[in-house]
Each structure stands twice: as C-alpha cells, then as structure tokens.
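Inspection log for the structure reproduced underneath, given as structure tokens.
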Amino acid sequence: MNWTDRLALFAPLDFVALGTLFCVWLLIGWRIEHASARQPSVSMIMANYRREWMQQMLTREPRIFDAQTIATLRQGTSFFASTSMIAIGGILAVIGNANNLAVVAQDLTLAAHPPIVWEIKLLLVVFFLTNAFLKFVWSNRLFGYCSVIMGAVPNDPTDPQAPEMARKAGELNVTAARSFNRGLRAVYFSLASVCWLGGPVLLLAGAIMTLIVIWRREFASQSRGILLEK
C-alpha cells in the first residue's frame, strides 16, 4: 500500500479538520505574540514585567531571590520536557501495537479502519508533542543563558555595563518564556489532536475548544485584568 492508497482511507472532512487544526494552532500563536498595544496578551504583559525584573535586579542585594526564581523556571521547563518525552514514548509504544489498537478503536467508534489509519492519527499527536519537547528544551537552555548573564551583571548598579547586561538578561528571559509558551500551546493542541481518534467532527470541535481556551486565558482571563490594573 503506497501513500496514495493510505490517504484514500481518509474522508475529505478529515483533511478539512486537519487543516483547521494547523491553521488555528499557527494563527493563535501569531496573534498572541503580535497582539496590539491596545489589547496586549498575557504573554506580552508578562514580557514587560520580565524586563522590569532584570532592571530591579541591579539594585537588589543579595540577589538570591532572582537566582531562585530562575531555578524554578528551569525546573518547570525540565518537568514539561520530561513529561512530553514520556508521552511520546507511550504513544510510539501504542503505535507499535497497532492491531490491538484497531480492535479497541473499532469498539469505541464503531468504525472499521485498518491499523494504518489509527497509526497516522496517533502520529499527529506525536508531532505536537515533539514540537512541545523541542520548545521546552530550548526554553530551558535559554533560561540557563539568562542565569549566566545575571551572574555576570556587576554588583555595582552605577557600573556603566550593568544596565546593558541587565537588558540582555531581560531579553533572554523573554525569549525563553516565549519558547515555553509555544511548548504549552503545542501540548494543548496535542490533546485536541487526540479527538481525531473519534472522527473529523470531534477533531474540529477539539480544535475550536482549544482555541477558545487559549484565547480566553490570553485575552479575557481574570489574571489578565489583574495584570492590567494600575
């Protein structure tokens, strides 16, 4: 069976749902990272706080709080990276036992499909989890870079190099957080892609529901209102 025959096993609605999922994933990510100044996303608001944090670090003695906070952020990225890796391994194990998977899936969906159909659907989940893993690993490394720059910032706030080095640390912090947020969105959409096992209609519903959840958290959440209070 070649790839043409394999693709023929899917209905046109499957491709519509798949295209919608990827479009929603890419568009919501772009919107969050390029939100307007009048309606900033939580990620953009927090980016400004991260830059301010690095500037306040200049006059803080000792800087134990800052070091502990960075360590906590790195622990978070490590946790999610490890979790993504475990999830990828679990799904690959299921794919390796596709015949039993087809029997279980047929009982749940009442649809008789060959094992290759379920394997391809699970590969979509693996794609998003792999993307998340790579983002979390890179975020962890960037937070490491940030901690090194923070350690290199002179203790004397009047040192002419101190503000510039603090600015660099702030930008690295923001970049690391951006990668972390991209990883989280990939995890959200990996959960949405699981809905494809139930059919294209459920995949469409999962994509739309995930979009609503992410949009609300970034643009209409209670925490966003608190961050915008003056």
Side-chain angles (χ1 to χ4, degrees), residues 1-33 76-141 178-218:
M1 180 182 292
N2 55 36
W3 277 105
T4 302
D5 297 329
R6 292 170 180 173
L7 293 177
L9 297 172
F10 296 92
L13 187 57
D14 284 295
F15 296 104
V16 172
L18 192 59
T20 301
L21 178 71
F22 278 100
C23 287
V24 168
W25 172 49
L26 296 173
L27 289 175
I28 189 61
W30 184 89
R31 183 70 178 88
I32 289 172
E33 295 177 5
T77 58
S78 298
F79 169 78
F80 280 103
S82 300
T83 303
S84 299
M85 181 65 87
I86 294 172
I88 291 170
I91 294 176
L92 291 178
V94 173
I95 292 175
N97 199 13
N99 291 327
N100 291 337
L101 172 64
V103 174
V104 175
Q106 183 176 347
D107 293 338
L108 293 176
T109 64
L110 302 179
H113 294 302
I116 185 62
V117 171
W118 307 110
E119 291 174 357
I120 292 175
K121 289 183 177 183
L122 287 176
L123 284 176
L124 177 64
V125 184
V126 172
F127 167 80
F128 280 108
L129 288 175
T130 302
N131 180 275
F133 171 76
L134 295 174
K135 296 300 182 184
F136 290 138
V137 170
W138 184 236
S139 176
N140 185 277
R141 181 142 192 180
R178 184 184 303 120
S179 185
F180 181 79
N181 291 333
R182 289 175 178 175
L184 284 180
R185 287 196 296 272
V187 170
Y188 293 153
F189 281 98
S190 71
L191 296 176
S193 63
V194 175
C195 296
W196 198 15
L197 296 175
V201 175
L202 285 180
L203 180 60
L204 280 170
I208 295 173
M209 182 62 66
T210 303
L211 172 64
I212 293 173
V213 170
I214 295 177
W215 180 274
R216 181 187 175 281
R217 292 181 178 181
E218 289 286 343

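Only a predicted model underlies this, so the values are computations on that prediction, with no experimental measurement involved. The figures here come from the full heavy-atom set of this structure, side chains too, leaving out hydrogens, waters and symmetry mates. For the single chain, residues carry numbers from 1 onward in sequence order.
Put simply, CZ on Phe136 and CZ on Phe80 are 5.5 Å apart, with the number rounded to the nearest 0.5 Å. Between Trp118 atom CH2 and Ile95 atom CD1 the span is 13.5 Å, to the nearest 0.5 Å. The line from CG of Leu129 to CD1 of Ile86 is 11.5 Å long, rounded to the nearest 0.5 Å. Rounding to the nearest 0.5 Å places CG of Leu27 at 10.5 Å from CH2 of Trp215. One finds the CD1 atom of Ile214 at 12.5 Å from the CE atom of Met209 (value rounded to the nearest 0.5 Å). Atom CG of Leu211 and atom OH of Tyr188 lie 13.0 Å apart (nearest 0.5 Å).
Smallest separation of non-hydrogen atoms from Ala132 and Gly183: CB-O, 3.4 Å. Nearest approach of Leu197 to Lys121, heavy atoms of both residues: CD2-CB, 3.9 Å. The nearest pair of heavy atoms linking Cys195 to Gly206 is SG-CA, 4.1 Å. Between Val201 and Leu13 the shortest heavy-atom distance is CG2-CD2, 3.9 Å. Between Ser179 and Lys135, the shortest heavy-atom contact is OG-O, 2.8 Å.
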message: Quick one, Thr20 with Val16, criterion side-chain contact (heavy atoms from CB on, under 4.5 Å). Give me CA distance, side-chain angles, the key distance, then yes/no.
response: CA-CA 6 Å; Thr20 301; Val16 172; 4.2 Å; yes
message: Run Leu191 and Thr210 through side-chain contact (heavy atoms from CB on, under 4.5 Å) and show every step you take.
response: CA-CA 9 Å; Leu191 296 176; Thr210 303; over 6 Å; no
message: Using the rule given for side-chain contact (heavy atoms from CB on, under 4.5 Å), can you reason through Asn131 versus Phe189, listing the C-alpha separation, both sets of side-chain angles and the distance that settles it, and then say yes or no?
response: CA-CA 11 Å; Asn131 180 275; Phe189 281 98; over 6 Å; no
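Counting heavy atoms of neighbouring residues, nucleotides and ligands inside a 6.0 Å radius, atom CZ of Phe79 does not exceed 12 of them.
For Arg178, the salt bridge (Lys or Arg N to Asp or Glu O under 4.0 Å) criterion is met by no residue, not counting sequence neighbours. Listed by chain and number, the residues in a salt bridge (Lys or Arg N to Asp or Glu O under 4.0 Å) with Arg217 amount to none (sequence neighbours excluded). Every residue two or more places apart in sequence or in another chain that forms a side chain to side chain contact (heavy atoms under 4.5 Å, CB included) with Leu124 is listed here: Leu18, Leu21, Phe22, Phe128, Ser193, Trp196.
At distances below 3.5 Å, at least one donor-acceptor pair connects side-chain atoms of Ser82 with backbone N or O atoms of Ser78. Formation of a donor-acceptor pair under 3.5 Å by the Ser190 side chain with backbone atoms of Val125 is not found in this model.
Screening Thr77, Leu184, Asn181 for a side-chain contact (heavy atoms from CB on, under 4.5 Å) involving Ser139 leaves a single residue, Thr77.
A salt bridge links Glu33 with Arg185: the distance from a Lys NZ or Arg NE/NH1/NH2 to an Asp or Glu carboxylate oxygen falls below 4.0 Å.
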